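Below is one structure; the comments refer to it alone.
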Amino acid sequence: MGELANCPKCNALFLKTKLQTVCQACIKEEEKSFEIVYKFLRKQENRQSTLSRITEETGVEEELILKFIRQKRIQITHLPNLAYPCERCGTSIREGKFCKACQSDLKAQMDHLDHEDALKTERENSKKDTYYAYNTKNN
Ligand SMILES: [Zn+2]
Ligand SMILES: [Zn+2]
């Protein structure tokens with residue numbers, strides 16, 4: 001399922017889907033950029049490059065390179081100086097979607113939610129039984 005939208009890059013009208021967020025022409029441009037970056041990083045001597053070095057050498061914008069990394073089209077396992085921002089706080093990370101701090105933060109929040117949920121269910125389950133007692137207590 002898609003909807004007609006303006007391409008965020010060139011403003012052309014195109015059918016936007018979950019996977020396709022830019023128009024066909026821009027996808028082709030991205031593919032070209034990908035080839036360039038990919039070829040650049042295939043060379044052993046370029047594997048130590050930082051993001052800004054790759055941008056300088058290939059002319060491909062950082063945002064696009066990061067997109068390739070996020071899509072895992074560029075694997076950074078063997079590229080020690082590459083990282084991408086945590087989706088929550090922007091800290092540089094090399095695996096997953098979130099940095100360590102955000103991970104434990106999010107986990108704490110989840111645990112909290114689970115706890116709240118459990119409490120709520122418990123309260124709702126016991127509501128019927130305690131309703132009478134609760135009422136008399138307050139009257
Ligand atoms: Zn476009
Ligand atoms: Zn983070």
Side-chain angles (χ1 to χ4, degrees):
M1 240 197 352
E3 47 169 330
L4 274 181
N6 284 100
C7 171
K9 296 214 153 192
C10 69
N11 222 28
L13 211 58
F14 77 111
L15 196 64
K16 186 179 176 177
T17 66
K18 240 184 183 170
L19 291 173
Q20 189 164 335
T21 56
V22 295
C23 77
Q24 205 61 40
C26 288
I27 284 183
K28 268 194 193 141
E29 280 304 307
E30 283 193 4
E31 285 312 300
K32 251 189 245 167
S33 302
F34 175 75
E35 283 298 313
I36 296 169
V37 176
Y38 186 75
K39 267 184 201 145
F40 176 77
L41 288 173
R42 245 183 23 199
K43 291 195 186 118
Q44 193 69 41
E45 72 262 30
N46 291 334
R47 298 230 168 119
Q48 304 290 323
S49 304
T50 57
L51 194 56
S52 50
R53 168 106 203 286
I54 302 173
T55 298
E56 252 167 55
E57 295 289 323
T58 62
V60 177
E61 49 189 304
E62 290 191 7
E63 205 36 60
L64 195 53
I65 300 172
L66 286 175
K67 187 175 163 185
F68 295 144
I69 296 175
R70 275 196 216 99
Q71 290 173 333
K72 296 210 162 57
R73 297 182 71 188
I74 292 176
Q75 300 278 354
I76 58 173
T77 325
H78 303 294
L79 308 167
N81 292 316
L82 279 192
Y84 52 94
C86 161
E87 285 189 9
R88 192 156 169 267
C89 72
T91 300
S92 289
I93 50 170
R94 286 180 47 83
E95 57 180 6
K97 280 186 173 180
F98 306 109
C99 69
K100 288 258 152 45
C102 286
Q103 262 176 37
S104 50
D105 234 41
L106 288 169
K107 190 175 180 306
Q109 272 180 29
M110 289 296 267
D111 286 352
H112 185 68
L113 281 182
D114 279 355
H115 189 60
E116 292 273 286
D117 259 7
L119 274 182
K120 206 172 151 205
T121 322
E122 205 175 289
R123 243 181 272 142
E124 248 144 47
N125 282 343
S126 58
K127 209 185 249 169
K128 282 172 208 133
D129 306 334
T130 54
Y131 189 68
Y132 180 73
Y134 180 76
N135 253 357
T136 46
K137 212 186 281 173
N138 277 287
N139 283 335

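Note that the structure is predicted; figures quoted are calculated from it, not measured. Each ligand, and each atom within it, is numbered from 1 in the order the structure gives.
Note that CD1 of I69 is 7.5 Å distant from CG of L79, once rounded to the nearest 0.5 Å.
Two residues are said to be in side-chain contact when any heavy atoms from C-beta on lie closer than 4.5 Å; I74 and F34 meet this criterion.
In the displayed structure, E95 atom CD is contacted under 6.0 Å by at most 12 heavy atoms of other residues, nucleotides or ligands.
Considering the Zn ion (ligand 2) as centre, the angle to SG of C89 and to SG of C86 is 110° (10° rounding). When SG of C26 and SG of C7 are joined through the Zn ion (ligand 1), the resulting angle is 110° to the nearest 10°. Between the SG atom of C23 and the SG atom of C10, the angle centred on the Zn ion (ligand 1) amounts to 100° when rounded to 10°.
Checked against K9 for a salt bridge (charged side-chain N to carboxylate O under 4.0 Å, His left out), the options E29, E61, E63 give a single hit: E61.
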